[in-house]
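None of these values were measured; they are calculated from a predicted model.
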Amino acid sequence: MIDHEKIEQSVRLFLEGIGEDVSREGLKDTPERIARMCEELYGGMEEDASEHLSKTFSVDSSEMVIERDITFYSTCEHHVLPFYGKAHIAYIPDGKVVGLSKLARTVEVYARRLQLQEQLTGQIADALMEHMQPKGALVMIEAEHMCMTMRGIKKPGSRTVTLVRRGVFETDPVLEERFFRMLYTEDR
């Protein structure tokens, strides 16, 4: 649960700590704005992926399903700076599929927390395996981290890529190859 009062107090202290006048016109409402913003940015702390993945539909097919280019925004837990990019999800159904929007909602559940990209990738794959029980799942995330672009090494445009395989994707390299062929088609 987001504690507005604590956030507002912390923001005031932070602003004072960097030498700002918290009573000046441009900053006087900033602590309250940031507290409200935290509800949106960290709302995933209050959500459970099972809420989105529990509604499934029966299918006869066990062909790969891919949802690619799911845009997400998250916050790095090390520097509390944003990282953002695209998530690509594949799974092999075992008698049931989920609505495609539910895959994007699952990404949002985990992205809207203080997070590490490596952890985010695994959490999405594990949620699919647990709640949908497919034959396998593969999640790939490509992201730019502001902690690398606006501070520290300052390398804008660099992307971090993480990949997690579960189930049949761990044992069948042909499936992973098919995923990459489908992911990087000519229309990209």
Side-chain angles (χ1 to χ4, degrees), residues 1-54 67-89 99-128 130-131 137-164 183-184 188:
M1 182 60 113
I2 300 290
D3 186 330
H4 281 253
E5 187 175 320
K6 282 186 179 181
I7 293 169
E8 290 178 31
Q9 290 171 358
S10 299
V11 171
R12 280 188 205 91
L13 285 172
F14 170 77
L15 292 170
E16 289 171 358
I18 63 171
E20 277 289 356
D21 174 5
V22 296
S23 64
R24 75 176 172 88
E25 183 181 359
L27 292 178
K28 67 180 177 181
D29 295 328
T30 297
E32 182 185 336
R33 279 192 295 270
I34 289 179
R36 285 192 320 267
M37 176 190 71
C38 286
E39 285 184 3
E40 184 177 346
L41 294 183
Y42 307 113
M45 298 294 295
E46 305 292 322
E47 290 188 67
D48 186 344
S50 65
E51 178 183 328
H52 304 295
L53 296 174
S54 61
E67 182 72 16
R68 69 181 197 188
D69 297 327
I70 302 168
T71 300
F72 74 91
Y73 300 91
S74 193
T75 307
C76 172
E77 67 183 35
H78 291 158
H79 297 98
V80 193
L81 285 172
F83 68 95
Y84 56 92
K86 305 278 185 183
H88 315 288
I89 298 174
L100 296 176
S101 69
K102 304 307 183 193
L103 298 174
R105 290 185 190 283
T106 300
V107 171
E108 287 298 304
V109 165
Y110 294 109
R112 294 197 177 274
R113 302 173 178 192
L114 286 176
Q115 194 59 276
L116 297 174
Q117 181 176 333
E118 299 86 343
Q119 180 175 282
L120 172 62
T121 310
Q123 287 171 334
I124 296 165
D126 291 341
L128 294 174
E130 178 182 348
H131 302 295
L138 187 150
V139 177
M140 179 177 147
I141 293 181
E142 303 173 273
E144 185 167 340
H145 292 249
M146 297 306 287
C147 59
M148 285 206 29
T149 62
M150 68 181 288
R151 61 152 302 280
I153 191 126
K154 296 183 181 108
K155 296 296 179 196
S158 62
R159 292 185 306 165
T160 300
V161 179
T162 50
L163 178 78
V164 169
L183 185 64
Y184 294 113
R188 285 182 67 105

Colleague: So for atom CE, which belongs to M37, do other residues, nucleotides or ligands contribute more than 12 heavy atoms lying within a distance under 6.0 Å?
Modeller: yes

Colleague: Are any of the side-chain heavy atoms of I70 and H88 separated by less than 4.5 Å?
Modeller: no

Colleague: The test is side-chain contact (heavy atoms from CB on, under 4.5 Å); show your working for V22 and K28 and say whether it passes.
Modeller: CA-CA 6 Å; V22 296; K28 67 180 177 181; over 6 Å; no

Colleague: Side-chain contact, heavy-atom cut-off 4.5 Å: L15 with V11?
Modeller: yes

Colleague: Count the heavy atoms of every other residue, nucleotide or ligand shown that sit under 6.0 Å from CZ of R12, and state whether that count exceeds 12.
Modeller: yes

Colleague: Quick check: does any side chain N or O of E46 sit under 3.5 Å from a backbone N or O of M1, one acting as donor and the other as acceptor?
Modeller: yes

Colleague: Check whether any side-chain heavy atom of I124 lies under 4.5 Å from a side-chain heavy atom of V164, and answer yes or no.
Modeller: no

Colleague: Closest heavy-atom contact between H145 and A143?
Modeller: CD2-O, 3.7 Å

Colleague: Could you give me the CA-CA distance, side-chain angles and deciding distance for H78 and L116, then say whether side-chain contact (heavy atoms from CB on, under 4.5 Å) is met?
Modeller: CA-CA 8 Å; H78 291 158; L116 297 174; 3.4 Å; yes

Colleague: Say you draw a straight line from CZ of R36 to CG of L41; how long is it, rounded to the nearest 0.5 Å?
Modeller: 12.5 Å

Colleague: Do the side chains of K86 and E142 get close enough for a salt bridge, i.e. N-O under 4.0 angstrom?
Modeller: no

Colleague: Under a 4.5 Å cut-off applied to non-hydrogen side-chain atoms, are L138 and I89 in contact?
Modeller: no

Colleague: If I take atom CD from residue E108 and atom OH from residue Y73, how far apart are they, to the nearest 0.5 angstrom?
Modeller: 9.5 Å

Colleague: Quick check against the 3.5 Å criterion: does R112 have a side-chain atom that pairs as donor or acceptor with the backbone of E40?
Modeller: yes

Colleague: Between E144 and G85 (side chain of the first, backbone of the second, donor and acceptor by atom type, cut-off under 3.5 Å), is there such a pair?
Modeller: no

Colleague: I'd like to know if the side chain of D3 reaches the main chain of K6, judged simply by a donor and an acceptor atom lying under 3.5 Å from each other, with no hydrogens or angles considered.
Modeller: yes

Colleague: Which heavy atom of M148 sits nearest a heavy atom of S158, and at what distance?
Modeller: CE-OG, 3.5 Å

Colleague: Main chain of A111, side chain of S74: is a donor-acceptor contact present, judged purely on distance under 3.5 Å?
Modeller: yes

Colleague: Looking only at non-hydrogen atoms, find the nearest pair between I7 and C38 and report the distance.
Modeller: CD1-CB, 3.9 Å

Colleague: Within the 4.5 Å heavy-atom criterion, are T149 and K155 side-chain neighbours or not?
Modeller: no

Colleague: Between A127 and Y110, which heavy-atom pair has the shortest distance, and what is it?
Modeller: CB-OH, 3.6 Å

Colleague: Would you check if the side chain of H52 reaches a backbone N or O of K102 as a donor-acceptor pair within less than 3.5 Å?
Modeller: no

Colleague: Between the side chains of H4 and E39, is a donor N or O closer than 3.5 angstrom to an acceptor N or O?
Modeller: yes

Colleague: CZ/R113 to CD/E77 distance, rounded to the nearest 0.5 angstrom?
Modeller: 11.5 Å

Colleague: Using only heavy-atom distances, determine whether the side chains of Q117 and T162 contain a donor-acceptor pair under 3.5 Å.
Modeller: yes

Colleague: Report yes if some heavy atom in the side chain of V139 is under 4.5 Å from a heavy atom in the side chain of L163; otherwise report no.
Modeller: no

Colleague: On a heavy-atom basis, which atom in A35 and which in I2 lie closest, and how many Å separate them?
Modeller: O-CG2, 4.2 Å

Colleague: Could you walk me through whether M140 and T121 pass side-chain contact (heavy atoms from CB on, under 4.5 Å), step by step?
Modeller: CA-CA 7 Å; M140 179 177 147; T121 310; over 6 Å; no

Colleague: Does E130 have any salt bridge (charged side-chain N to carboxylate O under 4.0 Å, His left out) partners at least two apart in sequence or in another chain, and if so, which?
Modeller: none

Colleague: Any heavy-atom pair between the side chains of F72 and L120 that's under 4.5 Å?
Modeller: yes

Colleague: If you draw a 6.0 Å radius around CZ in R33, do more than 12 non-hydrogen atoms from other residues or ligands fall strictly inside?
Modeller: yes

Colleague: Rounded to the nearest 0.5 Å, what's the gap from CG on D29 to CD on E8? Could you check?
Modeller: 9.5 Å

Colleague: Measuring from Y42:OH to T75:OG1, what's the distance to the nearest 0.5 Å?
Modeller: 3.5 Å

Colleague: Search all heavy atoms of D21 against all heavy atoms of L27 and return the closest pair with its distance.
Modeller: O-CD1, 3.7 Å

Colleague: Less than 4.5 Å apart, side chain to side chain, heavy atoms only: is that true for Q123 and Q115?
Modeller: yes

